[in-house]
There are 2 protein chains.
Amino acid sequence: MSRASPPRRSPLPPQDCNLARAFALIGDRWTLLILRSALYGVRRFDDFAAELGAPRTVLADRLKRLTAAGLLARRDYREPGRRARPEYWLTPKSAALRLPFVALTQWSDAWLGELRPPPVAVCSRANGEALRVALVDAAGREVEASQQRLTLSARGATGAEALG
Amino acid sequence: MSRASPPRRSPLPPQDCNLARAFALIGDRWTLLILRSALYGVRRFDDFAAELGAPRTVLADRLKRLTAAGLLARRDYREPGRRARPEYWLTPKSAALRLPFVALTQWSDAWLGELRPPPVAVCSRANGEALRVALVDAAGREVEASQQRLTLSARGATGAEALG
DNA sequence: ATGCTGAATCTGGACAACAGACTCAGCCGG
DNA sequence: CCGGCTGAGTCTGTTGTCCAGATTCAGCAT
């Protein structure tokens with residue numbers, strides 16, 4: 001119990017970590033880019049291919065995986081006078097990735113954007129002001145970083161000052 | 001101006017997208033896992049290796065890249081009676097990744113966690129309640145999804161109902 | 001000297017990415 | 001009925017990256 005040196009391991013090993021599981025599922029360059037485009041409304045094989053420049057083999061593979069994982073739903077469409085072809089739609093599961101993606105977008109605008117104004121922003125419909133990602137309590141009020149604390153639920157540990 | 005078929009491309013092509021740039025920088029399985037561990041306080045080569053099981057070649061390469069990109073800072077430490085060795089510390093740039101990572105953690109707890117309670121949570125220091133990631137206005141009040149809108153700054157376009 | 005330890009690099013084989021051409025299904029016009 | 005068109009893939013050979021295990025290397029210790 002002596003607070004000797006700081007912990008040299010994560011409080012939560014990667015095997016038990018849902019975040020690490022998420023990385024295994026979507027933490028791949030093309031998969032991330034596909035999801036980005038899908039969240040922006042792209043749905044067709046050739047549109048993904050044209051927009052991303054991904055090799056068609058890789059694209060086919062990733063769409064298959066994402067569909068199997070429940071992150072994309074295959075659904076036929078039909079242009080008039082054409083045969084039916086598949087589209088890949090967002091599912092509730094992948095639609096819920098919007099918030100993490102917006103958070104990372106704001107990070108990249110701030111740290112990779114070379115001080116240019118962000119090309120896209122999420123704004124309030126009411127008054128048009130730009131919104132930002134933050135941690136809020138149950139009532140929807142922002143809680144500042146200094147008032148946050150990391151808590152482990154199982155295995156008794158508590159209050160590591162980690163993830164920050 | 002006819003609202004014919006929905007747009008078949010992203011409003012922001014990947015080449016101009018900071019998010020896509022972020023994927024190129026950190027959108028790799030090991031890089032993401034390294035950053036996860038780093039945010040949890042891991043700092044040494046062998047600790048990363050032991051925790052992640054990553055091949056040492058890959059680990060050396062990723063630490064080099066992350067250092068070059070300003071996401072990790074190399075700094076020597078010295079255990080008593082040992083020679084100096086490098087540690088890899090978070091920088092302000094990578095510390096700012098905390099929020100996107102928390103957002104993705106909450107997504108993965110919700111959608112990959114098989115209904116078990118989340119193993120870690122960010123809580124309020126004041127009353128211990130769990131916090132969640134949300135979009136807030138300048139005053140720190142949550143703005144609900146229905147009141148959000150996506151805005152493109154350049155090239156005149158506006159209000160695509162995208163990223164959701 | 002010799003060993004130890006943490007931080008890497010080296011090596012050969014397995015695996016995945018890539019570009020480009022090809023296949024395939026179905027709807028069309030003649 | 002035939003050949004062409006289109007979108008969505010698959011096939012192919014090459015090139016690159018990953019990986020595990022062994023090896024190197026620096027400096028402190030006995």
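The basis for the numbers below is simple: all heavy atoms, side chains too, and nothing from hydrogens, waters or symmetry mates.
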Evaluate side chain to side chain contact (heavy atoms under 4.5 Å, CB included) for B:Phe48 paired with B:Leu33, printing each intermediate quantity in order. CA-CA 9 Å; B:Phe48 284 114; B:Leu33 288 170; over 6 Å; no

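- Here the side chain of A:Arg62 is nearest to one of D:dC18, C:dA17, D:dA8, namely C:dA17.
- Looking at the side chain of B:Trp30, the nearest of the listed nucleotides D:dT10, D:dG9, D:dC19 is D:dC19.
- Picking from D:dA8, C:dG6, D:dC18 the nucleotide with the shortest atom distance to the side chain of A:Arg44 gives D:dA8.
- Counting only heavy atoms from C-beta on, A:Ala60 has its side chain closest to D:dT10 among C:dA17, D:dT10, C:dC27.
- Contact check, B:Tyr77 against C:dA7: a side-chain N or O comes under 4.0 Å of OP1 or OP2.
- Note on A:Arg75 versus A:Glu87: no salt bridge recorded, every NZ/NE/NH1/NH2 to OD/OE distance being 4.0 Å or above.
- Map A:Gly81 and B:Arg74 each onto its nearest nucleotide of DNA chain C; the residue landing nearer the 5' end is B:Arg74.
- Between B:Phe45 atom CZ and C:dT9 atom P there is a gap of 8 Å when expressed in whole angstrom units.
- Nearest nucleotide to the B:Pro55 side chain, out of D:dC19, D:dT10, D:dA8: D:dC19.
- In the set D:dC28, D:dC18, D:dA8, the nucleotide with an atom closest to the side chain of A:Arg85 is D:dA8.
- Across all strands shown, B:Arg29 has no heavy atoms under 4.0 Å from either base or sugar-phosphate atoms.
- In this structure, NZ of B:Lys64 is placed 8 Å from C1' of C:dA8, rounded to the nearest angstrom.
- A:Phe48 places its CZ atom 16 Å from the P atom of D:dG7, with the value rounded to the nearest Å.
- Comparing C:dT5, D:dC18, C:dT9 by their nearest atom to the side chain of B:Thr57 picks out C:dT9.
- Placement of B:Val136 and B:Val102 in two distinct hydrophobic clusters is found when ILVMFWY residues are connected by side-chain heavy-atom separations under 4.5 Å, directly or transitively.
- Rounded to a whole Å, the CD atom of A:Glu79 is 13 Å from the P atom of D:dT6.
- Note that A:Arg43 lies outside the cation-pi zone of A:Tyr77, set by a 6.0 Å cut-off to the ring centre and a 45° limit from the axis.
- Residue B:Arg82 is in sugar-phosphate contact alone, with no base atom involved, counting any heavy-atom pair closer than 4.0 Å across all strands shown.
- Between D:dG9, C:dA17, D:dA8, one nucleotide has an atom nearer to the side chain of A:Asp46 than all others, and that is D:dA8.
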Listed pairs under 3.5 Å, donor-acceptor, residues 54-63 of chain B side chains, sequence neighbours left out:
| unit_1 | atom_1 | unit_2 | atom_2 | d |
| --- | --- | --- | --- | --- |
| B:Arg56 | NH2 | B:Asp46 | OD1 | 2.9 |
| B:Asp61 | OD2 | B:Arg65 | NE | 2.9 |
| B:Arg62 | NE | B:Asp28 | OD1 | 3.0 |
| B:Arg62 | NH2 | B:Asp28 | OD2 | 3.3 |

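- In this entry the distance linking CZ of A:Arg56 with C1' of C:dG20 reads 11 Å, nearest Å.
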